[in-house]
Amino acid sequence: MNNLSLSVLTLIHYNVIIRDTLEYALNRQSYALEAYNYKKKGVMVEIEQPTALKQFLDKNEKIGKKITDEVKALYAEVYADDSTICKVATNELRVDHGQHMAIYDNVFPLREDINNVIAAHIGFARKNNLFEDSLMKLIVADEKMYRAVAYTCLYGDLERLFVEYNKARNEAKGELTPQSNFIQGELLKVVNHIKFMRDNQKATDEDTWTVADYVLKTVDQTSGRRMLPKDKKFKDVFDEGRKLINEFLAKSEKEWKELYEPAIKELLEKSKANNGQIKVDVKPEEKKN
């Protein structure tokens with residue numbers, strides 16, 4: 001890869017760290033503390049060191065401030081020592097699963113903004129005949145992987161909250177209560193995040209859109225805008241949705257790893273040979289093209 005491609009690769013790597021923050025919106029028995037500490041360091045280093053991202057932010061004041069603020073907000077919510085979402089205690093990481101919305105609020109917009117920075121670099125590369133097809137294959141695979149992880153998290157919360165809402169209404173004999181109103185509010189937030197995810201989707205392949213369409217169809221069914229398929233209950237719909245998304249995630253992860261791992265290996269080797277630096281000087285006005 002040329003230096004510009006390697007520079008873009010550092011941005012893709014950063015987006016992977018942002019994406020992997022979604023791990024804390026998945027219910028697991030345990031979370032790797034070493035991985036958490038790696039992400040904790042990685043979230044801030046890209047805006048503090050002379051990285052490709054930092055160069056871009058410094059030369060594009062308006063979007064630079066926006067992204068810098070988003071990065072700091074994500075760090076404060078998830079990775080700061082006083083975070084209430086993730087807390088290190090007795091050499092283990094404890095996660096508060098009542099705060100998934102805060103994770104989504106910070107991860108989703110930042111991820112899309114970094115995508116836009118990547119797109120600006122790609123535009124510059126094409127204009128200057130520096131674009132490499134192998135890089136685009138990785139970008140496409142990374143996009144699919146990200147959507148797979150995001151839909152996994154969001155669909156899980158959609159199902160959980162839908163079940164909790166119906167339980168609350170049944171226990172209140174159909175009446176609205178403060179509890180059911182709160183759950184309904186959380187459901188609406190999940191739905192809005194799902195719509196944001198779909199509206200910003202760059203992937204055009206059939207697999208990604210099949211998943212996106214199924215998730216939106218489920219949203220319509222849970223809201224009563226769309227009838228359930230004949231002879232099926234909501235449990236059947238959610239079971240089928242989870243199966244579809246899990247298969248998509250497994251396939252996407254395999255494709256992504258096959259491209260990402262050798263690319264990162266090359267990046268590390270080139271970075272080591274250049275004293276840890278991969279620099280490409282791009283003027284702000286050129287990056288807008």
Side-chain angles (χ1 to χ4, degrees), residues 19-20 22-31 95-105 107-108 141 143-256:
R19 180 200 73 201
D20 285 352
L22 293 175
E23 174 185 6
Y24 308 120
L26 292 171
N27 286 285
R28 293 179 172 172
Q29 290 185 339
S30 62
Y31 300 86
V95 178
D96 179 3
H97 288 293
Q99 299 193 64
H100 289 183
M101 301 309 135
I103 295 176
Y104 300 150
D105 288 344
V107 168
F108 293 161
E143 163 75 3
K144 290 177 64 177
M145 180 62 183
Y146 168 60
R147 303 295 162 184
V149 173
Y151 283 129
T152 298
C153 296
L154 289 167
Y155 202 73
D157 277 332
L158 179 68
E159 179 179 14
R160 174 181 60 83
L161 290 166
F162 181 71
V163 171
E164 289 179 2
Y165 177 76
N166 282 287
K167 181 181 178 182
R169 291 293 300 274
N170 289 334
E171 289 176 349
K173 297 181 179 179
E175 296 296 320
L176 292 172
T177 65
Q179 182 185 14
S180 66
N181 287 339
F182 173 79
I183 298 172
Q184 187 176 41
E186 294 295 283
L187 259 174
L188 181 58
K189 292 176 184 177
V190 170
V191 169
N192 287 336
H193 282 306
I194 289 173
K195 291 179 178 178
F196 177 85
M197 190 60 48
R198 186 179 187 275
D199 290 345
N200 286 277
Q201 192 163 290
K202 306 294 189 301
T204 58
D205 63 282
E206 184 66 21
D207 288 344
T208 306
W209 278 102
T210 296
V211 168
D213 290 343
Y214 191 98
V215 172
L216 263 294
K217 181 174 69 175
T218 305
V219 168
D220 287 342
Q221 289 165 338
T222 58
S223 67
R225 294 186 61 218
R226 185 167 180 163
M227 292 180 63
L228 289 174
K230 187 178 179 181
D231 300 326
K232 288 191 177 180
K233 298 179 180 179
F234 277 110
K235 183 181 182 305
D236 302 318
V237 169
F238 279 113
D239 285 347
E240 290 178 10
R242 270 186 279 104
K243 182 175 183 294
L244 177 68
I245 295 171
N246 288 340
E247 290 174 351
F248 176 57
L249 176 60
K251 181 180 179 181
S252 299
E253 185 173 21
K254 181 176 182 296
E255 294 173 354
W256 172 75

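Computed from heavy atoms alone, side chains included, the values below leave out hydrogens, waters and symmetry copies.
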> Counting distance only, does the side-chain N/O of Ser180 pair as donor-acceptor with the main-chain N or O of Thr177 below 3.5 Å?
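It does hold such a pair.
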> Output yes when a side-chain donor or acceptor of Glu143 lies under 3.5 Å from a complementary backbone atom of Lys202, and no otherwise.
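Yes, Glu143 side chain to Lys202 backbone: donor-acceptor pair under 3.5 Å.
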> Working to the nearest 0.5 Å, report the span between OG1 of Thr218 and CD1 of Ile194.
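If I round to the nearest 0.5 Å, the distance is 8.0 Å.
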> Hey, could you give me the CG/CD1 distance between Leu161 and Ile183, rounded to the nearest 0.5 Å?
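So the gap between those two atoms works out to 7.0 Å.
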> Quick one: is the NZ or CZ of Arg147 closer than 6.0 Å to the six-membered ring centre of Trp256, and within 45° of its axis?
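Not flagged: Arg147 not positioned over aromatic ring of Trp256.
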> Just to verify, which of Phe238, Phe162, Phe248 counts as forming a ring-ring contact (aromatic ring centres under 6.0 Å, His included) with Tyr155?
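Only match with Tyr155 under ring-ring contact (aromatic ring centres under 6.0 Å, His included): Phe238.
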> Please report the C-alpha distance between Asp213 and Arg198 in whole Å, then the side-chain angles of each, then the deciding distance to 0.1 Å, and finally whether the side-chain contact (heavy atoms from CB on, under 4.5 Å) criterion is met.
CA-CA 9 Å; Asp213 290 343; Arg198 186 179 187 275; 3.3 Å; yes
> Heavy-atom count around Lys195 NZ within 6.0 Å, excluding the residue itself: above 12?
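For Lys195, atom NZ is not crowded (no more than 12 foreign heavy atoms under 6.0 Å).
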> To the nearest 0.5 Å, tell me how far Lys232 NZ sits from Phe234 CZ.
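Separation between the atoms: 13.0 Å.
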> Do Ser223 and Asp220 get their side chains close enough for a donor-acceptor pair, meaning under 3.5 Å?
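Looking only at side-chain atoms, Asp220 and Ser223 do not form any donor-acceptor pair under 3.5 Å.
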> If you look only at distance, which donor and acceptor atoms sit under 3.5 Å apart when one is on a side chain in residues 168-175 and the other is two or more places apart or in another chain?
residue : atom : partner : partner atom : Å
Arg169  : NE   : Gly174  : O            : 3.1
Arg169  : NE   : Glu175  : O            : 3.4
Arg169  : NH1  : Tyr165  : OH           : 2.6
Arg169  : NH2  : Gly174  : O            : 2.5
Asn170  : ND2  : Asn166  : O            : 3.1

> Dump the intermediate steps for side-chain contact (heavy atoms from CB on, under 4.5 Å) on Thr208 and Gln201, then the final yes or no.
CA-CA 9 Å; Thr208 306; Gln201 192 163 290; 3.4 Å; yes
> Ignoring hydrogens, what is the shortest heavy-atom contact between Ala25 and His100? Give both atom names and the distance.
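In this case the closest contact between Ala25 and His100 is O-CE1, 3.1 Å.
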> Just verifying a value: how many Å separate Glu186 CD and Leu188 CG, rounded to the nearest 0.5 Å?
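If we round to the nearest 0.5 Å, Glu186:CD and Leu188:CG are 9.5 Å apart.
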> Quick test of your reading of the model: are Lys235 and Asp239 salt-bridged, counting only N-O distances below 4.0 Å?
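Here Lys235 pairs with Asp239 in a salt bridge, since their nearest N and O are under 4.0 Å apart.
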> Relative to each other, are the rings of His193 and Phe108 parallel, tilted or perpendicular (30° and 60° limits)?
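The arrangement is perpendicular - the two ring planes meet at more than 60°.
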> Please walk me through it: do Lys243 and Glu247 pass salt bridge (charged side-chain N to carboxylate O under 4.0 Å, His left out)?
CA-CA 6 Å; Lys243 182 175 183 294; Glu247 290 174 351; 2.7 Å; yes
> If you round to the nearest 0.5 Å, how far is NZ of Lys254 from CG of Leu249?
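Rounded to the nearest 0.5 Å, the CG-NZ separation comes out at 14.0 Å.
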> To the nearest 0.5 Å, what is the distance between CG on Leu154 and NZ on Lys189?
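One finds 14.0 Å between CG of Leu154 and NZ of Lys189.
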> Taking the side chain as every heavy atom from C-beta outward, state whether Pro229 and Gln221 have any pair of such atoms under 4.5 Å apart.
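Yes - at least one pair of side-chain heavy atoms lies under 4.5 Å apart.
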> Starting from the C-alpha separation in whole Å, work towards a yes-or-no answer on side-chain contact (heavy atoms from CB on, under 4.5 Å) for Tyr24 and His97.
CA-CA 8 Å; Tyr24 308 120; His97 288 293; 5.9 Å; no
> Would you check if Val190 and Met101 make a side-chain contact, meaning some heavy-atom pair closer than 4.5 Å?
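With C-beta onward as the side chain, the pair touches.
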> Would you call Glu164-Arg160 a salt bridge at under 4.0 Å N-O?
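Counted as a salt bridge, because a side-chain N and a carboxylate O are separated by less than 4.0 Å.
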> Any heavy-atom pair between the side chains of Val215 and Ile245 that's under 4.5 Å?
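SC-SC contact between Ile245 and Val215 confirmed.
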> Under the side-chain contact (heavy atoms from CB on, under 4.5 Å) criterion, do Tyr104 and Phe196 qualify, and how do the steps go?
CA-CA 11 Å; Tyr104 300 150; Phe196 177 85; over 6 Å; no
